Each structure stands twice: as structure tokens, then as C-alpha cells.
Amino acid sequence: MQVEEKFTYETWPAHSEKATLEAKNKFIGFWLFLGGETVLFASLFATYLALKDKVPNTSMPHAKDLFELPLTFAATMLLLTSSLTSVYAMYHMKNFAFRKMMLWLGLTALLGAGFLGLEIYEFTNYVHEGHTFTSSAFGSAFYTLVGFHGGHVAFGLLWCLTLMFRNSKRGLDLYNAPKFYVFSLYWHFIDVVWVFIFTVVYLMGMVG
Amino acid sequence: MANHELNSGNPRVDIEYRRKKSKEEMRYQIVSFTMMLFLTFIAFGMVAAKGFSHWFTVPIILLLAVVQVIFQLYYFMHMNQKGHEAPSLFLFTGLGVGLTAILTFMTIVWW
Amino acid sequence: MSTYAQKKGFGATLWDFLTTVDHKKIAILYLIAGGFFFVVGGLEAMFIRIQLAVPNNDFVSAGLYNEIMTMHGTTMIFLAAMPLVFAFMNAVMPLQIGARDVAFPFVNALGFWLFFFGGVFLNLSWFLGGAPDAGWTSYASLAIASKGHGVDFYVLGLQISGIGTLIGGINFLVTIINMRAPGMTYMRMPLFTWSTFVTSALILFAFPPLTVGLVLMMFDRLFGANFFEVTMGGNTVIWEHLFWIFGHPEVYILILPAFGIFSETFAIFSRKRLFGYSSMVFALVLIGFLGFMVWAHHMFTTGLGPVANAIFAVATMAIGVPTGIKIFNWLFTMWGGSVKFTTPMLYAVSFIPSFVAGGVTGVMLASAAADYQYHDTYFVVAHFHYVIVGGVVLAILAGTHLYWPKMFGTMLNETMGKITFTLFLIGFHLTFFIQHFLGLWGMPRRVFTYLPGQGFETANMVSTVGAFFMAVGVIVLLINIIVTSARNVRVGNDPWGDGRTLEWAIPSPPPFYNFKQLPLVRGLDAYWLEKMEGKMAMTPAEPIGDIHMPNASFLPFTIALGLFIAAFGAMYHVDHKPWALPVMVIGLLVTFASMFLRSVKDDHGFHIHKEDLIEKTDKGVEA
């Protein structure tokens, strides 16, 4: 199977993301990477849970005093919706509808950027309240965990834009289909991590 | 090579079948998205309501998170389809290792 | 086409190795780099032993001793043992499963260069103001307080090389999952391939906690975070846990490939099928699984409480069971076989009592109550040197002799090999056996000297003499390598005469595409099966056709180089050097630009045409 081969709607294979050996390797390899990422984030969660509310003096803000529901809720909605838009992108990839796929990917990136914007706004707020990266072990652990996730979102954005930019003129083929698919896996994984962040960090932080 | 495993000789038939299949899949994905939204609402609602005790809220929102992640993994990331044996094995092993670490950090780091 | 057929100038060869994505050449790179660091770590070991040879010695100062001891451990584990093991995995595993290359050749090269630059970065600390001095475990209480940049070198260097190892592990896993030849089912895979598989899985799950630990340490030391600052609410035990969640699987990452090499050796030189193949596989997987449940046995004296100590003690002792299964299977493989005592086989045979001794002291240390007595004494030093030298290093030496012909097409001299073996084995036991007693007599580990009249003199002198035996053994090996390379007597595909697995079915060294036609695997020990039926070669599973190969690339080198540069910037940024931040940015830019280039520039590889392959056969070049 030549990867450069041109396809039509009729000849486009059902599983374009796994049609070549390279694609199969990419697929398994990326899932394994996500397995490793699970341990990475688990270690960060563990560290956060061990250092939650550990501040040098009691006058400093605790989780309970810091977090606000509306902001977290808005961020959650943005990221959750971006997960759905990337599902739509993959749906159109399956149907060999390149333009539509790009449109939905663009939407995904937009929502991701919105999420990042909210996160930056949130962090600046906390800094004003005296909760900084260097102010306490709690601060270090919080910014490291949430920041690692934010960094993943930022990397995903760059990745998505690079993919869109590189393939904007050539349409779908068996060389780039697995790349799009793997990106969508990554994006969903980011959302999986966020589900635990908003639950464990924010909601449980507010409950006390 | 073996890319056209569903091909019955008539590409048209195959295409229509596939279209139907992915439409159906898309419907499941919309349903799971709705469910995820719903679960998120409940989780945020419970915390916003402030009336529930800590020991009631925390297990419930953790459970909701787990359910939501299962939707994400099995529908959005297609782990419900075949060919995901190695991914599940490694993802769940990673989860096992990670949960052991979390358990440790919550029990024996401070004393 | 063949790269081996042509004579090339030095520049061309160097460029070839800088850009190669061929697993066999990457294996050679790993072997050279790992061998170099092995010698460096060995020199550090010699300095330690010279310093401790007599009481009140001042061969090195206390501070320098701390640096040497730290770097000895770190170098040997991360920069010598792991890459040497990776060398054999790269050289042999793809051949054993009948693959033409690994799943991600580019990533394979990237993994090597990350390891290499990480290792170079770490060792540059010697010349740039002092090496790390907080022990190879770099416990936070020491590391945070350590002056100068030593620990920063440790943190950044290991981070870079750790990423390389992680992606190398993923690469091996995918290769084994997806690229086995027709008929090569999981339960027909050679034991070395199985051990590569389990080891890579351990790498996948063990390295992320290390990454996190190193990130936290880096944030604390370089960016003002407070993870381990107790006055700011931090907790140093977090480092200990993260380090050992990685660190314990790490020792299995080292020992499992050793088990794999010895399993191959026993079967080949007993000229008999490996006894209890499926139980061997089961034991490997079980050891890998249990390896994640036992890390806190390194921390019994931290004060985890009796419940945690009991759980981890029992889990630790449980590992003795699958290990015992393996030991007995090896013994039974030899039993009734027609054993040939070649150099690799001598290592394999002597490995059994040496490693069992290390295992027995392991069970002693696993008894949490007794561990309070052994902890931080030379008993522990003796224990882990018995498992790592008696297991891993013996396996690396065995593997060097066993696979040298496959990697370089010429045999190491057997007589000199046996001299190396004798010197090394005697030296090893001389050095470390006595250290058990030193520990039980109360000599603490990691001290730079001791006083006369405490009863430690003779034992320490004996230990030092043993170390010199090992050093001479290694020197003989190096001479052997030089002499062998100079003579360069070419050998055929199966130089040991008793090869059982696929790698022995193709020329030494293999052509760069490995298999002209993918072989059909009809059972365990595929090549042996064919030989027993009187066939000279494997039955092909496909007609001769075009072979798709990946393109060479310089980008792995530049990606790794960028991180290497950035690490300097990150490190000197705390000294408020004006150039530090720009250097960090430039380094990261190099890395990200290389990655960007990689993603926008299509790399479809190239094809070797059928006609070229057929032509070569006609000319009498075996393929």
C-alpha cells in the first residue's frame, strides 16, 4: 500500500487510522504512551494530595478559600465540548470529508485556546490572593499538577495547528489520517485528566 | 493489501453499510456527550448546593468522574471497538500502578 | 546498495552513525557509549576502593568521595548498565522476531541521542564545578541542601536520558506487538525477546514517576518551589517514594534482560530446548508485576509504620518464588544436555550461585525488623552488588561474547574471554563477599574513611584487591576487542554452531534490511527446528519483493542537542547569569524547530527493489 496514494470517497478504507503498518505502530505506540502518561499524572495527583493545604502559616489561603465554581465550570464546559468537536472531526475523517474535518479541528483548537485563556486568568487571580508557585508546598503542587495539564493543552494546540497547517492543501491520505487520529486520542486523554482535576482538585477542594 | 476487509466486491454496498455504521456510532457518541454533561452538572451541583456532608459528596463525585471517564475512553476513544486489547492492557496497568502510588501518598507520606 | 560492502572514509562513517536509524547501528552506538560509561564508572569504583583500602586514608577528600560515590552509582545504573542492555535489545530483538527494523526507527535514534547527551551532561559536572554528591538516590534532604550545581547536573542529565529510555521502551513494545514474522506467536518468542517485552513495559510505567520526581526536584532547586522544603509545608518523603516507585522496577529493568541473555545462553550451549519455557515466561511477567508492589522495602527505616512495612516485606519475599522457578529451569536446561563450556556459558553457569547469593541476602533484607540492623551498612552494598554485578554485569559480559559475532561479524577470542571471566569472577567474589561481613560488623556505607582498630582493615584490603582483579579482567576484555577487531576473521551466520533462534539464520552482521524474505516461524526455536530437519535456512513466508526502509535523519541528534543546550541555560539561570535565559530559549527552540521540521517534512522512506535483492544473491552474497 503506497501511503501517497490518492483516494476517493469510495476507496477510502474503513479504518484509515490503522490501514498501514506505520499507522498500526503509531496507534499502539500512542496508546502505550498514554499508559505512561497515566502514571505520570497519577504521580502528580499523588503529590498534590499529599501536599494539599500544606502551607507555612495558617493565614495563607487554603483550597477552600481559593477555588471558584463558575470559573472551573466554564473551563470544564469548554474542554468537554472540545472533546465532542474532535469526535466530529474524526467522524468526518471516516467519511473522507476533509473540509468538514478541518472545520471541526479548528473549532477544537479554538475551544482549547479558550480553556487555556481561562486557566491563565485563574492563575493570575490566585497570584493576587497570595497563592503562588513559591509561596508554599501547596502552591507548588497545585501549579505543577494543573500546569502540567495546561502544558499538555498548549502542546496539543500547537500540534493541532501544525497538523492543520501542514495538511491544509493536500487532503486526506493514509499518511496523515493516523496523525489526525492520534491527535484526537491525545485530546480526549487531556479531557480525561481534566475530569479528575476538576473533581479531585477543585470540587473536593471546595468540599474540604 | 488487507485494507478493504469489508469489501464485498461492490464498493457501493460497502460504503453504504459503513456510512450507516459510523452514523450509528456518532449517535452513541452524542448520547455519551449528553451523559457526560449531565454527570458534570450533578457533580458541580452537589458541591454548589453545600448541603451535603463531605463523606457523602466526595465518593459520589469521584464515582461520577469515573463513569464520565469510562464514557470518554470507550466511546470517544473507541476502546469499545476490537483491536484495543493491547491499549486496554497497558492503560489499565498504568492505572493500577498510578492508583497504588496515590494510595501510598494518601496514607504513609505523613505520620 | 549494502552499506557494509563499501569502504568508507572516516567522515562518511561518522555521518552515517550520526544520522542512522538502523537498529543494528544504534545497537553499536549504545554498546560504545555504554562501554565508555562503564569504564568511567569502573574508574570511579577503583577510586572508592583505593580510598577505602587502608584506614584514615586521604587519597580523596570527604567531599570528593561523596561525588565519586554518587557518580559511580548513577553512571553504572543509568549510563552503563541500561544502555548496554539496550544495545543487546536493539541488536538482537528485532532479529529474533523476524522483523526488518523496529517500529519507530526515528524514535529509536532519538532515544539513543537523548541518553547520550543526558550522560554527557551529567559527566560534564566533573569539569564545571563539581559532580552531584547526594548519592545515586539523591534523597531530597541531602539534595536540596547540596551546594553548587552538582545535583542540578543530576536532575537535568537524568531527565534528558530518562526521556530517551522511555521512548526506547515504547518502541520495543510496539515492535514486539506489531512486527513479529508470520508464525511468530507470543508463545514462540525467544526468552530474550520476552524479557525485552516485560522490561519495556516496566520502563513505560516506572520512568514517569522518576520524571515527576526529577521535575519536582528541578522546580525546588532551580525555580523556587517548595515540594521538599519542610518549613514551607513540603515533605522529603515524597521524593523517596517517587524515586523508589521508579527505582525498584529499575532494578528489574536491569535484571530481566540479564535473565533473557542467560536463558538464550543456557539453551544454546546445553544444545537443548529451554526447560519449562511457559513457566519461564510466566515467571518473567510475575516478577515484572510484583516489581511494582515492593518499592517501600527501601524505606523500612523511614517510619512507614508496621502495617506498611509488613505488606511490603511479604510482597518482596514473594518475588523469590518466580525467581526460584527461573533458577530451577536453568538448572534443568543444563541437566542431560551436552554442555559446551564456552565463555558465555561460563558466565551463565557462574551467574547461578552468584545471583542466588544476592537473592538470599535480598530475602534477609526484606525482613523489615531485621532490616533495621542491616540498613545503610555494607551488607546492603554487598547485596546489591551481588545482584547487579553477579546478575546484570555477568550477563552483559556473557552477551558481549555471545552476540559480538552477530553485531560485528567476528568472534572474540575464546582464550582471552576465559581469562577475563576467571579474573572477573574471582575479583567479584573477593570484593563483595567480604562486604557482607563488614556490614554485619557495623561498617556504614557511604563513609569516606574509617578508623584503625575497628576490625575493618583486613576486610577492606581484601575487597580492594578483588576490585583490581575485576579491573584487570576488563582490561583483558578491551585488549581482546582490539585484537579481534584488528584480526577481523569473518564468520558465517551461526558461528557458535548451535544457534536456535532467528538471529542465527541470517548473516553476521545482517544486511541492513535483515531479512530478504520474512521467515516462516514453525515453532519455538525456529532456526533449530529447521536445522533438525536438515534444512540450511528458514522457509520464507513471502516471495522476494520490494523492501520498504526508513530514511536516515540528523534530526534525532539536533532534538537531543537542543535539550542539552537548554539544560545549561536552566541550570545557570539561578546564578543570575545574563546569558542563561537566552541559552535556555535557544536550546528549546532548536528542539522544537527540529520537531516541527520532522512533522512538516514528509518522510516516506525508500524502497529496495526486488531486482537489486535478486542480483545480490546471484553474486553469491548471502542474504
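Residue numbers start from 1 in every chain, and the chains themselves are labelled A, B, ... in the order their sequence lines are given, proteins ahead of strands. Keep in mind the model is a prediction, meaning the values are calculated, not measured.
Of the atoms belonging to F228(C), not a single heavy atom falls under 4.5 Å from chain A. For a residue to count as touching a neighbouring chain, one of its non-hydrogen atoms must lie under 4.5 Å from one of that chain's; by this rule F155(A) touches chain C with the side chain only. When heavy atoms are compared at a cutoff of 4.5 Å, L51(A) approaches chain C solely by way of its side chain, counted from C-beta outward. For I167(C), no part lies near chain A; criterion is any non-hydrogen pair under 4.5 Å. Of the two parts of H548(C), only the side chain, counted from C-beta on, holds a non-hydrogen atom closer than 4.5 Å to a non-hydrogen atom of chain A. Only the side chain of L242(C) comes within less than 4.5 Å of a heavy atom of chain A; its backbone N, CA, C and O stay farther away.
Ring-plane geometry between F596(C) and F165(A) is classed as parallel, the angle between the planes falling under 30 degrees on a 0 to 90 degree scale with a further cut at 60.
Residues of residues 117-132 of chain A never come closer than 4.5 Å to chain C when only heavy atoms are counted. The contact list for residues 34-44 of chain A toward chain C, using heavy atoms and a distance under 4.5 Å, reads G35(A), G36(A), V39(A), L40(A), S43(A), L44(A) by residue number. The stretch residues 199-212 of chain C places L204(C), F205(C), P208(C), P209(C), T211(C), V212(C) near chain A, each with some heavy atom under 4.5 Å from a heavy atom of that chain.
In this view, N25(A) and N178(C) satisfy the side-chain hydrogen bond (donor to acceptor under 3.5 Å, both in side chains) rule, not counting sequence neighbours.
Between F148(A) and V215(C), the shortest heavy-atom contact is CE1-CG1, 3.9 Å.
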Criterion side-chain contact (heavy atoms from CB on, under 4.5 Å) on M179(C) and L21(A), from CA distance to verdict:
CA-CA 8 Å; M179(C) 297 180 67; L21(A) 177 63; 4.2 Å; yes
Carefully, step by step, assess D602(C) and R170(A) under the rule side-chain contact (heavy atoms from CB on, under 4.5 Å).
CA-CA 12 Å; D602(C) 285 4; R170(A) 68 168 161 188; 2.3 Å; yes
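Counting heavy-atom pairs closer than 4.5 Å to chain C, the top-ranked of the candidates A50(A), S140(A), P56(A) is S140(A).
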